[in-house]
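Numbers restart at 1 for each chain; the letters A, B, ... are given by sequence-line order, proteins then strands.
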Amino acid sequence: MGFLNINGVSKSYGSLKVLHGIDIEVEEGEFLVLVGPSGCGKSTLLNLIAGLEDITDGEILIRDRVINGVHPSERNIAMVFQSYALYPNMTVGQNITFGLEMHGVSKKERKIALDEVAKLLRIENLLHRKPKQLSGGQRQRVAMGRALVRNPDVFLFDEPLSNLDAKLRVDMRTEIKKLHQNLGTTIVYVTHDQIEAMTLSSRIAVMNDGYVQQLGTPKEIYDNPQNIFVATFMGSPAMNLIPAIVRALDDGTVAEISLYDGSLEHLPFGRADMNSWDGREILLGLRPEMITDEESADRKSQNIARIKNRIEVTEPAGSDTFISMQAGGKSIVARMKSDIDVKPDQVFPFAINMDKAVIFDPVEGIRIQANISS
Amino acid sequence: MTVAAQENIVRTSQSVRVGIYLALIVFALFYLLPFGIMVINSVKPLIEITEGNMIALPREWTIDPWLSAWSTAQIGVEPTGLRPYFVNSIVMALPAVAISTALGAINGYILTKWQFRGATLIFGLLLFSCFIPFQIVLIPMARVLGVLNIAGTTYGLILVHVVYGLGFSTLFFRNFYAAFPNELVRAAQIDGAGFFRIFWRIMLPSSGPILAVCCIWQFTNIWNDFLFGASFASGSAAPMTVSLNNLVNSSTGVREYNVHFAGAILAAGPTLLVYIIAGRYFVRGLMAGSVKG
Amino acid sequence: MSMNLTTTDQDLKTRLQNWLPKIVLAPSFGLVVFFVYGFIAFTLYLSFTNSRMLPSYEWVGWQNYERLFQIREWDIALNNLVIFAILYISICTVIGLILAVFLDQKIRGEGVLRPIFLYPMALSFIVTGTAWKWFLDPAIGIENTFHLWGWQSFSFDWIKDRDMAIYAIVIAAVWQSSGFVMAMFLAGLRGIDDELLKAAQIDGASNFNLYRRIILPQLRPAFLSAFVILGHLAIKSYDLVIALTGGGPGNATALPATFMYSYSFTRNQMGIGSASAVIMLLTISAIMVPYLYAELNEKKR
């Protein structure tokens, strides 16, 4: 039994069903990120955990206690909102301790708790200001302080960084991660930003259309996406999905793809057993970093395919250079080291790490569980 | 409006601008003249009005018309002046404003932050009640006030103004609270604050501007009302507007125009004062009462 | 809110919090249902009875409505209302628009002018009526002033003239309300995106075309609101007529509102008075209901 259990939870608004039988088990001290595009149901799920909306079906338990129908303030949770939701009429100090006051904590104890949190978040000098007088980052800290001071069982974060500018967002991300590492709290964190999801989480639940598409560690989600949605949603630039046809040849099974000039190239599957798919169409999933130049290719890989393809566009991005080209009739992206010397229209030799390729059924959109890689 | 230094986009020539200024000044005179005439004629002896020029300044200044209007003029049958009726209007307006504003505030809070099935319908019913011709309620209201035994009293008028002020006060607060972030309410719920505590500690402290707008609107409307006053509170309980009308339109005796003007200014005084002090909120109320949102 | 969840599943605090809003809203709701909609129903009922000095409950069908439309004073009142409403709405709109456009030209002293244009809105119609009653009175007012200035043939006695008195009421009503229309248009003008105007100027639009083709079309919501608000004020007009002319000379300036009052309360024809009130309500509803419905639906989106 987990620390926070979500058992078969559904949510409907009238006839519109927005969450379909969600099952998630969160261990104590875990950092779970709910990620997905807007409207996928992730914020609704968070609100159900918080008790801000009623559960239509199923159960949510914290520390083995069913909390369906329990008032939000009695669930021992705390929440950090996207807009921070700081009470505009109260000072920072009052904002942080309002929850304690509502729970009847004495003024003296409130003061002690406030000082502790303020020190932890380095906002001691802001306690007498009003929210209006704070910068975005400071507001963010205060909002976290309000959550921390309650010492709750579960922290809920609803897109807490999306109102910050790019640089501050990265800083705060690190800070949240540090906080989690130091305090060992249980966190459920909603975001639409897949980088936030990857960097912060101990586990990720990728959501779409009211379903959990995949639940796993960041590495599992990234390396072994269970369906096309997860594959393309997580990772930037997105995973390439190259239309290919499986050919069972004498020296092994290969994926046949077309290149810029219409010529066909064979990429061997290696250990993956794809014989049963002979002659059928698949989508070959390759992350941009699996298509690169010879020197950057993964040395541990046992199965590197080499192709020559024409470069269409180069996009230097500082640390890497991205290259687009045609394969399988689609534009795909390769990731090269930054100082690579290539020009558009040049025909260039690429090394493809087939060890990490993932294969999808183009009709069902789900992963073909061939014994690929490990 | 705030960017004063910015050049106007529509450029106009010098001569056109002179024309615009002239037109604006003429209009300003048009708006000022009637009230200005009231003021200068309220400090003239009667003879200067009946035999002299209304637009001329007084040759002899006097405050007698004001004193007469305030405390000795014949209103109906009693020579009481307008003073008791001024007091009636105050005694009527203050509680009516307070109650209708308080109810409007909590209604607006409920209709935006605690929405339930049918809330929009209830708001629609409240909103429409702002615009009905009050003639449609006069007859049953007279009977109900009679049954409640408050016909012809200030209490009756307070009830009437609270009831028919509810629509607007609810409208003001609903529109204001609709723009108030829901996340604040949710945060407060998680913090453990309940229905009343959220209203009292979170919503109300941030409602200063709309409280001003609502109070000013209600006060202006209630103070200026004539129809309800004339229908439900004649005699010694009459409000200021009704007694002013009695003063001006009484058919007996000499027409003391100067006293009428002084009385009219007295009747206009409180709302005009509010307008001068807090015109900004008054205009906001006008806007919110028409172009909603 | 709660769909399938039965209330027994929720803790006391949650259940209480779900009920409190409805309990607190109930008194206001009750007041409005009783004092507005109940009263409307009662008056509607009375309009089908032979009530005279006191309400009676004897059903007479459409008789009051048939008689109402045979009464000459009601005919006058309706005619007056049409004249008054058309002039009041159109003149207020024109003046309001002119003032708003002029004030929008980065006028020095706007802060002084604007409150001057708008202050009559803060006055009671009784005060406005008193001011204009004597200002327009031929014996002491503007006519007398012109005579004293030497223009002996000058004549301005509309307020005493059966045929013209309704126009005197229009003047006072316009004086009171046009500033309000100005404020509405000004808010509309200030809400127009500057970049749009810059784009139009780069496209070569003259000032005239800028207003005709770009700015005025964008003020459509303000026009609509002004029309609706002024229209409903016109139908409700009562105080101003009482203060200015008392409905006279004779009944030359009667309006439906004054008609209703005198038939219901002084002439003891409550049934007919009720019928006239119902007609007033229907007229206002025809304007307000579609407008409010549209506004409410817009809000929801």
Q) What do you reckon, is CD of A:Glu116 surrounded by more than 12 foreign heavy atoms closer than 6.0 Å? A) no
Q: Could you check if a side-chain atom of A:Pro88 sits within less than 4.5 angstrom of a side-chain atom of B:Leu184, using non-hydrogen atoms only?
A: yes
Q: Answer yes or no: are there more than 12 heavy-atom neighbours, outside B:Arg280 itself, under 6.0 Å from its atom CZ?
A: no
Q: List the atom of A:Met79, the atom of B:Ile190, and the distance in Å for their closest heavy-atom pair.
A: CB-CD1, 3.4 Å
Q | N/O donor-acceptor pair under 3.5 Å between B:Glu183 side chain and A:Phe81 backbone | A | no
Q. Which one of A:Ala85, A:Pro72, A:Ala147, A:Ala50 has the most heavy-atom pairs closer than 4.5 Å to chain B?
A. A:Ala85
Q | A:Glu101 with B:Arg197: basic N within carboxylate O range, under 4.0 Å | A | no
Q. What part of A:Leu86 is in contact with chain B, defined as an atom under 4.5 angstrom from a non-hydrogen atom: side chain, backbone, both or neither?
A. backbone
Q. Should we count NZ of A:Lys177 as having more than 12 external heavy atoms under 6.0 Å?
A. yes
Q. What's the shortest heavy-atom distance between B:Asp191 and A:Arg146, and which atoms?
A. OD2-CD, 3.6 Å
Q | CZ-OH distance between B:Arg201 and A:Tyr87, expressed to the nearest 0.5 angstrom | A | 9.5 Å
Q: Answer yes or no: are there more than 12 heavy-atom neighbours, outside B:Tyr155 itself, under 6.0 Å from its atom OH?
A: no
Q: Could you tell me which portion of A:Ala78 (side chain, backbone, both or neither) has an atom closer than 4.5 angstrom to a non-hydrogen atom of chain B?
A: backbone
